[in-house]
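Structure first, commentary second.
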Protein chains: 2
Amino acid sequence: MKDVSRTPPALEGRRERKRRETRARIADAAITLFLRKGFTAVTVDEIAEAADVSKRTFFDYFPAKEDVVIAWQDKFTGPLTEAVAAGPQSEAPVQAVERAMLDALGKTATPESFAIHALVQGTPALAAREQHKYVLLETRLFEALHARYPQENPLGLRLLAMVVIGALRIGTEEWQSTEGLKPEDIPSFTHKVFRMLWRQLAKLR
Amino acid sequence: MKDVSRTPPALEGRRERKRRETRARIADAAITLFLRKGFTAVTVDEIAEAADVSKRTFFDYFPAKEDVVIAWQDKFTGPLTEAVAAGPQSEAPVQAVERAMLDALGKTATPESFAIHALVQGTPALAAREQHKYVLLETRLFEALHARYPQENPLGLRLLAMVVIGALRIGTEEWQSTEGLKPEDIPSFTHKVFRMLWRQLAKLR
DNA sequence: ACGCATTATTGCACTAAATGCAGAATTTAG
DNA sequence: CTAAATTCTGCATTTAGTGCAATAATGCGT
C-alpha cells in the first residue's frame, strides 16, 4: 500500500460520475418525451438524439426501451425495504409493513409518479411490465421481512408481503380512479385502505 | 336426396371452422417449437412455415409472438369462473372460491401446462406477460364473485380474489420447486396450500 | 508528464418483430 | 352463376435490439 492521500476522491471517480450523469440524462430525455407524445410514438433514435448520445449507447444503459420507465418507478423499493429494517424492536411484522408502507409512500409519491403510472396503464406493453415490477417488489419486501424476523414462518411472511403489495396495487387503482385527490391526502387514504384490508381479511373464515 | 345438407348446422360455417382450425394449427406449431428450441430461438417465419401459412397471416391471428403462449395458458380462466357460478346456493364466497379453484385445477392441470409454465419462467419477455395474466385472472374471478354475490361489499370480494390468485401464484411456484410431484397430487397439495393460507391470514392482526 | 490497460462511446451491418397496403384467392349469399 | 365479403399472401417499410471492431476518454503506475 502506498500513500492514501494521493487518491482522495476514491469514492466516485470521474468515470462513475459521468456514467451516472449520462444515465440520468437519457432517462430524463426519455421520460419527458414519453409524457409528451406517448410511449410508442417515441423512437429510441429520438431519445438518443435528445440525450446527445448514439442509439447504440442507449442500449448500453438500458436493455430495452421499456426499462427506462421501469427503472424510474423502482424508486419505491429502496425506501420500503429500508423502512422495514429501521423499525423499533418491539414491532410485530404486520405493524412493520404498515408503517414502512406509509413511510415509503410519503417519501416517493409525487404528482410526477402518478403521471407516469397513468402512462404505464395506457400502454399495453408497459402494463405487463408494471405487474412484473409488483412481483419483484413483493419479493424484496419478503426478503426484508425475513431478514428482520428470521424466526417467523417464511411462508407466512411471504403471504403477508403478497397481501400488502396486492393492497398497494388495488389501492393505487382506486386512487387513480378517484378524482380530486392530492398528494397530501396519501397518508389518510393509505390508513383507510389498511383499515379496510385488515377488516375484510378478518372476515375470511 | 342431397337436400339433407340444405340446412346444415348453421351455427358454424366453413369459414369460421377453418379460421378456428388455422388458429389451432398455428398455436400447435408454435408451442411445439417453443418447447423444443426455446421461445427466443424460434422465429415467426419458422412458425408460419410449420403451420403452412404466410408470416403475415400469423399476425392476423396473434398480435405478437408472445400472445400464442398467453392464449394457451388462458384455458384456466373459463373453468374457474364457471365453477364459481355453478356452486350450490348455501355456499359462502370463501368456500365457493376454494371449491372452484380445486375444480378448475383438476380440469386443466396437465404435464403440458407445467412444461409451458416452466418455459414462461425461463424467458424474461414471457415472465412479465405471465404476471399480467394473473391480474386479468384476478379481475375475472372478482367479476364472477360479484355477479354471484351482488350484496357483498365489492372491495371485500376484490381482496378475496386478490388473496386467492396470489395464493395460486405462490402455490404454483412452490409446486415447481418441489421435485417428484405428479398431477395426481394436485388436489391434496391445493388443500394444503389453502389450509395454510387461511391459517396464516387469521394470524395477521 | 507519459505510456498502458481499462472502459465508454460510436458507427455500421444485420436479424427479426410488427404494421400497412393492395391484390389474389376463397367463401357465402342471393 | 354472380357479386359481396372475408381471408390470405407478398412486398415494402419502420423500428427494436445485437454483434463487432474501431476510436475516444479515463484511471493508474512510474
Side-chain angles (χ1 to χ4, degrees), chain A residues 1-27 29-30 33-34 37-71 123-126 128-129, chain B residues 3 5-26 29-30 33-34 37-71 123-126 128-129:
Chain A
M1 298 224 199
K2 306 232 163 156
D3 192 355
V4 184
S5 64
R6 273 276 184 109
T7 54
L11 289 151
E12 190 186 34
R14 183 177 333 222
R15 204 165 244 171
E16 287 166 20
R17 180 172 49 82
K18 275 205 169 185
R19 193 163 177 85
R20 200 168 40 74
E21 285 169 357
T22 303
R23 189 184 165 89
R25 207 169 63 245
I26 294 174
L33 286 168
F34 290 160
K37 302 174 57 179
F39 180 78
T40 48
V42 178
T43 69
V44 175
D45 285 282
E46 219 173 330
I47 300 167
E49 189 61 32
D52 197 31
V53 293
S54 73
K55 172 188 153 189
R56 196 63 189 74
T57 297
F58 173 91
F59 287 108
D60 268 2
Y61 283 87
F62 297 95
K65 205 173 119 185
E66 290 128 27
D67 289 290
V68 183
V69 185
I70 303 306
T123 313
L126 287 174
R129 284 289 188 107
Chain B
D3 74 324
S5 55
R6 258 281 225 51
T7 316
L11 291 150
E12 190 185 36
R14 180 171 325 193
R15 202 166 245 169
E16 286 167 20
R17 179 171 50 83
K18 276 204 168 186
R19 191 163 177 85
R20 199 168 40 75
E21 284 168 356
T22 302
R23 188 184 165 90
R25 209 170 61 246
I26 294 174
L33 286 168
F34 289 159
K37 305 175 54 178
F39 181 77
T40 48
V42 178
T43 68
V44 174
D45 284 282
E46 222 173 328
I47 300 167
E49 190 60 33
D52 198 31
V53 292
S54 75
K55 173 184 153 192
R56 196 62 189 76
T57 297
F58 173 92
F59 287 108
D60 268 1
Y61 283 86
F62 297 94
K65 206 173 120 185
E66 290 129 24
D67 288 291
V68 182
V69 186
I70 303 306
T123 313
L126 287 174
R129 284 288 188 109

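Within every chain, numbering begins at 1; the chains are lettered A, B, ... in the order of the sequence lines, protein sequences first and strands thereafter.
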By side-chain hydrogen bond (donor to acceptor under 3.5 Å, both in side chains) - contacts of [X] (at least two apart):
X	value
A:Lys37	A:Glu46
B:Arg23	none
A:Arg20	A:Glu12

Can you tell me if the side-chain N/O atoms of A:Thr22 get under 4.0 Å from OP1 or OP2 in C:dA8? no

Look at the side-chain N and O atoms of B:Tyr61 and state whether any lies under 4.0 Å from the OP1 or OP2 oxygen of D:dT7. no

Could you list the residues that satisfy side-chain contact (heavy atoms from CB on, under 4.5 Å) with B:Ala50, not counting sequence neighbours? B:Ala29, B:Leu33

What's B:Phe62 touching, base or sugar-phosphate or nothing? Going by heavy atoms closer than 4.0 Å. nothing

Without decimals, in angstroms, what is the distance between [X] [atom1] and [N] [atom2]?
X	N	atom1	atom2	result
B:Lys65	C:dT19	NZ	P	14 Å
B:Asp60	C:dC21	CG	P	14 Å
B:Arg20	D:dT7	CZ	P	14 Å

Residue closer to the 5' end of DNA chain C, B:Val42 versus A:Arg19 (nearest nucleotide): A:Arg19

Would you call A:Val69 and A:Arg129 a side-chain contact if the rule is heavy atoms closer than 4.5 Å? no

Has B:Glu49 got more than 12 heavy atoms of other residues, nucleotides or ligands less than 6.0 Å from its CD? no

Between A:Glu21 and A:Arg17, does any NZ, NE, NH1 or NH2 come within less than 4.0 Å of an OD or OE carboxylate oxygen? yes

Contact string for nucleotides 25-30 of chain C, one letter per nucleotide 5' to 3', B = base within protein heavy-atom range under 4.0 Å, S = sugar-phosphate only, - = neither, reads -BBS--

How close do A:Phe34 and A:Ile47 get, counting heavy atoms only, and between which atoms? CZ-CD1, 3.8 Å

For DNA chain D, which residues in residues 44-59 of chain A have a heavy atom at a distance below 4.0 Å? A:Val44, A:Lys55, A:Arg56, A:Phe59

